[in-house]
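We name chains A, B, ... by the order of the sequence lines, and we start the count at 1 in each one.
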Amino acid sequence: MNIFKIYKDKFILLLRNNSFDCDEEKVSVDTPRQASFGDLAFNAPLILSSSLKSNPLEIGKKIADLIKENYSEFETIEVAKPGFVNLKFKKEFWYNFLFSFDDSKGKIVNISKTINLEYVSANPTGPLHVGHCRGAVYGDILGNLLNFVGHKVIKEYYINDYGNQIHMFAKSVYARVLEIKEGKEFPVNEGLYPGEYLKEIAQSLIKKNKISNFSNYDSIKNQLGEMAMDEAMIMIKNDLLSLGIKHDLFISEKELVQNNLVSKTLKILERKNCIYEGVLPKPKGNENEDWEPREQLLFKSTKFGDDVDRALKKSDGTWTYFANDVAYHSYKLDRKFDKYINVLGADHAGYLKRLKACVDALSDFKADFECKVCQLVKLFKSGEPYKMSKRAGDFITAKELVESVGVDAVRFMMIYRSNDSQLDFDFDLVTEKTKENPVFYVQYASARIHSILRKTSLDLTNIDKQCLRLLDAEIEIEIIKKLSLWSKCMDLSAKNLEPHRIPYYLYDLASIFHSYWNLGKEYPEYRIIENENSQLIKARVYLLEKVLTVIKSGLLILGVSAPESM
RNA sequence: GCGCCCGUAGAUCAACUGGAUAGAUCGUCUGACUACGGAUCAGAAGGUUGGGAGUUCGAAUCUUCCCGGGCGCGCCA
């Protein structure tokens with residue numbers, strides 16, 4: 001249904017049949033910058049002029065004539081400087097478009113891919129906080145989007161349940177258990193996690209009563225660690241659920257290590273000659289007193305575009321986090337997806353090159369692997385920056401955020417920016433019920449259209465196509481044109497992994513709808529329901545039904561509700 | 001010092017991935033309420049796209065050098 005794609009293919013074929021050889025990559029059919037130029041802008045004259053060494057306007061004239069001879073749906077075909085062919089459809093085209101408009105199929109891509117999408121992967125040592133929300137929502141919506149356009153997405157969460165942090169976590173829970181059971185004061189400044197949530201976990205462990213004797217830490221630490229981890233993951237999954245997020249698969253780092261996947265993977269890299277014993281240079285500008293040269297097992301990531309080689313083994317002989325991650329990505333590759341996407345937070349951006357490097361090394365550059373980084377979220381309240389206390393353990397959790405502003409607002413606002421830009425999130429704004437709040441604005445459009453459907457209660461499944469011709473007003477054609485941009489929006493969003501385009505599109509669509517609605521206030525003939533022409537009512541309701549379909553699809557992808565009334 | 005991201009209207013951000021006269025919202029100013037849901041709409045003002053140079057038919061977008069902001073920088077994960 002992407003008319004730009006359709007006509008691009010048509011025009012390229014037409015040109016080739018008439019011995020114009022044009023580069024598919026460079027040629028485009030797009031919306032002209034100005035509506036007065038028409039509906040489609042074809043840039044072939046510009047592209048062809050250099051290879052043909054002739055005036056783009058003359059080439060444009062020839063192309064325009066060709067199109068004129070072969071297609072009858074255009075009202076005007078004009079050549080414009082510096083070298084565009086601008087085409088305007090007859091209204092009949094738009095009525096046909098509206099009549100057959102069907103968004104429910106969803107499938108837009110030609111080639112359906114299997115996609116591995118990893119996101120969130122927050123440390124399982126505490127609840128999700130606001131900082132995790134953006135990546136979580138971005139990843140989730142991206143997954144929905146890719147599914148919507150016809151791919152098969154596995155949403156995956158990598159649990160970092162291995163390494164030193166887990167010991168500290170177990171110790172922290174232990175300290176909380178002693179605090180509850182024996183009134184022993186919780187020690188500060190021992191590197192323990194101070195968060196209040198540990199009390200809940202400790203409480204829950206005591207309640208489950210699987211550990212009878214807490215007196216000797218060493219004898220119970222493994223069991224306690226595992227149980228605490230399970231509790232923490234339950235907590236995180238609940239937090240995710242409150243954000244409307246559900247992963248398909250959870251992969252445990254610990255299990256990867258226990259199954260010897262790390263050593264197996266490193267052998268593969270060894271065979272590829274990507275591993276060596278060496279000494280890393282001291283990083284400049286980082287005054288680390290403890291630094292001393294050390295020979296260790298390294299991965300030749302510089303061979304794959306990284307800035308320095310990366311350590312695989314710690315001085316105590318255990319694997320580094322990165323080594324485990326290499327194994328994890330090897331495991332991903334083993335499962336053979338057409339595409340792999342990692343969503344990372346801004347604080348992990350420095351990690352990106354080595355990940356790409358290890359995937360390139362393991363797959364011999366064959367894997368389609370892409371990392372998307374979400375920049376930080378700055379919190380605001382009443383227009384003032386909202387500072388979280390530096391005191392450890394004091395942060396706003398995802399759950400609290402959802403409870404105070406609602407899941408719809410969190411999801412919409414977290415995605416309402418390009419992921420490359422930092423994001424300002426205002427607590428007050430998102431709960432406002434005004435135009436200033438884009439979530440509300442779009443949802444309000446949904447409610448208004450539902451209201452019309454309720455009042456008219458027409459069955460339009462067998463509507464006469466002819467009756468759509470009554471939609472003669474400029475704004476009605478404009479709405480149909482906006483609908484035609486929906487699949488283009490999907491295409492672009494999915495192709496570039498930029499779901500932020502969706503809320504922008506929905507806002508625009510809602511905006512035109514609200515204008516249309518208000519037109520009836522000044523000019524009674526524009527009233528949708530209070531109209532004497534029953535055929536016109538049908539046609540208009542049909543149009544609004546399609547608008548609602550798109551709003552619903554869009555909000556569904558965003559995981560935001562499309563209310564019937566508000 | 002190095003790497004990644006950002007810099008667009010007073011503020012917050014878009015801009016179909018190199019296209020034509022750079023668009024929204026808020027704020028400011030002017031209008032429309034006995035309402036098919038005014039929680040809305042119509043209109044106005046507001047720009048040397050941080051700065052310089054380069055690439056070409058054409059640059060907010062690509063290259064390069066400055067300036068400013070954010071994140072990160074051998075065995076934490």
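- Checked against salt bridge (charged side-chain N to carboxylate O under 4.0 Å, His left out), A:E253 has no partners two or more places apart in sequence or in another chain.
- Comparing B:C5, B:G3, B:A77 against the side chain of A:N123 picks out B:A77 as the nearest.
- Residues passing the salt bridge (charged side-chain N to carboxylate O under 4.0 Å, His left out) test with A:K314, sequence neighbours excluded: none.
- For A:K372, there are no side chain to side chain donor-acceptor pair (under 3.5 Å) partners, not counting sequence neighbours.
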Between the protein and nucleotides 9-15 of chain B, which nitrogen or oxygen pairs are less than 3.5 angstrom apart?
{"residue": "B:U12", "atom": "O3'", "partner": "A:D424", "partner atom": "OD2", "Å": "3.4"}
{"residue": "B:U12", "atom": "O2'", "partner": "A:R417", "partner atom": "NH2", "Å": "2.9"}
{"residue": "B:C13", "atom": "OP1", "partner": "A:Q422", "partner atom": "O", "Å": "3.3"}
{"residue": "B:C13", "atom": "O5'", "partner": "A:R417", "partner atom": "NE", "Å": "3.4"}
{"residue": "B:C13", "atom": "O2'", "partner": "A:R417", "partner atom": "NH1", "Å": "2.9"}
{"residue": "B:C13", "atom": "O2'", "partner": "A:Y504", "partner atom": "OH", "Å": "2.4"}
{"residue": "B:A14", "atom": "OP1", "partner": "A:S418", "partner atom": "N", "Å": "2.8"}
{"residue": "B:A15", "atom": "OP1", "partner": "A:H500", "partner atom": "NE2", "Å": "3.2"}

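- Counting only residues at least two apart or on different chains, the side-chain hydrogen bond (donor to acceptor under 3.5 Å, both in side chains) pairs with a member in residues 508-521 of chain A are A:R448-A:H514, A:E476-A:Y516, A:K482-A:D508, A:Y516-A:R540.
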Extract all donor-acceptor atom pairs below 3.5 Å that involve side chains of residues 348-355 of chain A and protein atoms in other chains or at least two apart in sequence.
{"residue": "A:Y351", "atom": "OH", "partner": "A:D325", "partner atom": "OD2", "Å": "3.2"}
{"residue": "A:K353", "atom": "NZ", "partner": "A:D307", "partner atom": "OD1", "Å": "3.0"}
{"residue": "A:R354", "atom": "NH2", "partner": "A:G350", "partner atom": "O", "Å": "3.4"}

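- Non-hydrogen atoms lying under 4.0 Å from RNA chain B are contributed by A:Y321, all within residues 317-326 of chain A.
- Partners of A:F369 under the ring pair (Phe, Tyr, Trp, His ring centres under 6.0 Å) rule, at least two apart in sequence or in another chain, are A:H329.
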Close N/O contacts between protein and nucleotides 32-40 of chain B (under 3.5 Å):
{"residue": "B:C36", "atom": "OP2", "partner": "A:R527", "partner atom": "NH1", "Å": "3.2"}
{"residue": "B:C36", "atom": "O4'", "partner": "A:E530", "partner atom": "OE2", "Å": "3.2"}
{"residue": "B:C36", "atom": "O3'", "partner": "A:K455", "partner atom": "NZ", "Å": "3.0"}
{"residue": "B:C36", "atom": "O2", "partner": "A:I529", "partner atom": "N", "Å": "2.9"}
{"residue": "B:C36", "atom": "N3", "partner": "A:I528", "partner atom": "N", "Å": "3.1"}
{"residue": "B:C36", "atom": "N4", "partner": "A:W517", "partner atom": "O", "Å": "2.8"}
{"residue": "B:G37", "atom": "OP1", "partner": "A:S451", "partner atom": "OG", "Å": "3.4"}
{"residue": "B:G37", "atom": "OP1", "partner": "A:K455", "partner atom": "NZ", "Å": "3.4"}
{"residue": "B:G37", "atom": "OP2", "partner": "A:K455", "partner atom": "NZ", "Å": "2.2"}
{"residue": "B:G37", "atom": "O2'", "partner": "A:Y444", "partner atom": "OH", "Å": "3.0"}
{"residue": "B:G37", "atom": "O2'", "partner": "A:R448", "partner atom": "NE", "Å": "2.8"}
{"residue": "B:G37", "atom": "O2'", "partner": "A:R448", "partner atom": "NH2", "Å": "3.2"}
{"residue": "B:G37", "atom": "N7", "partner": "A:S451", "partner atom": "OG", "Å": "3.2"}
{"residue": "B:G38", "atom": "OP1", "partner": "A:K521", "partner atom": "NZ", "Å": "3.1"}
{"residue": "B:G38", "atom": "OP2", "partner": "A:R448", "partner atom": "NH2", "Å": "2.7"}
{"residue": "B:G38", "atom": "OP2", "partner": "A:W517", "partner atom": "NE1", "Å": "3.2"}
{"residue": "B:G38", "atom": "OP2", "partner": "A:K521", "partner atom": "NZ", "Å": "3.4"}
{"residue": "B:U40", "atom": "OP1", "partner": "A:K435", "partner atom": "N", "Å": "2.6"}
{"residue": "B:U40", "atom": "O2'", "partner": "A:R448", "partner atom": "NH1", "Å": "3.3"}
{"residue": "B:U40", "atom": "O2'", "partner": "A:N518", "partner atom": "ND2", "Å": "2.3"}
{"residue": "B:U40", "atom": "O2", "partner": "A:N518", "partner atom": "OD1", "Å": "3.3"}

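- Among residues two or more places apart in sequence or in another chain, the side chain to side chain contact (heavy atoms under 4.5 Å, CB included) test is passed with A:N123 by A:T125, A:N160, A:Q165.
- With sequence neighbours excluded, no residue forms a ring pair (Phe, Tyr, Trp, His ring centres under 6.0 Å) with A:H500.
- Considering only residues two or more places apart in sequence or on other chains, A:Y162 meets the side chain to side chain donor-acceptor pair (under 3.5 Å) condition with none of them.
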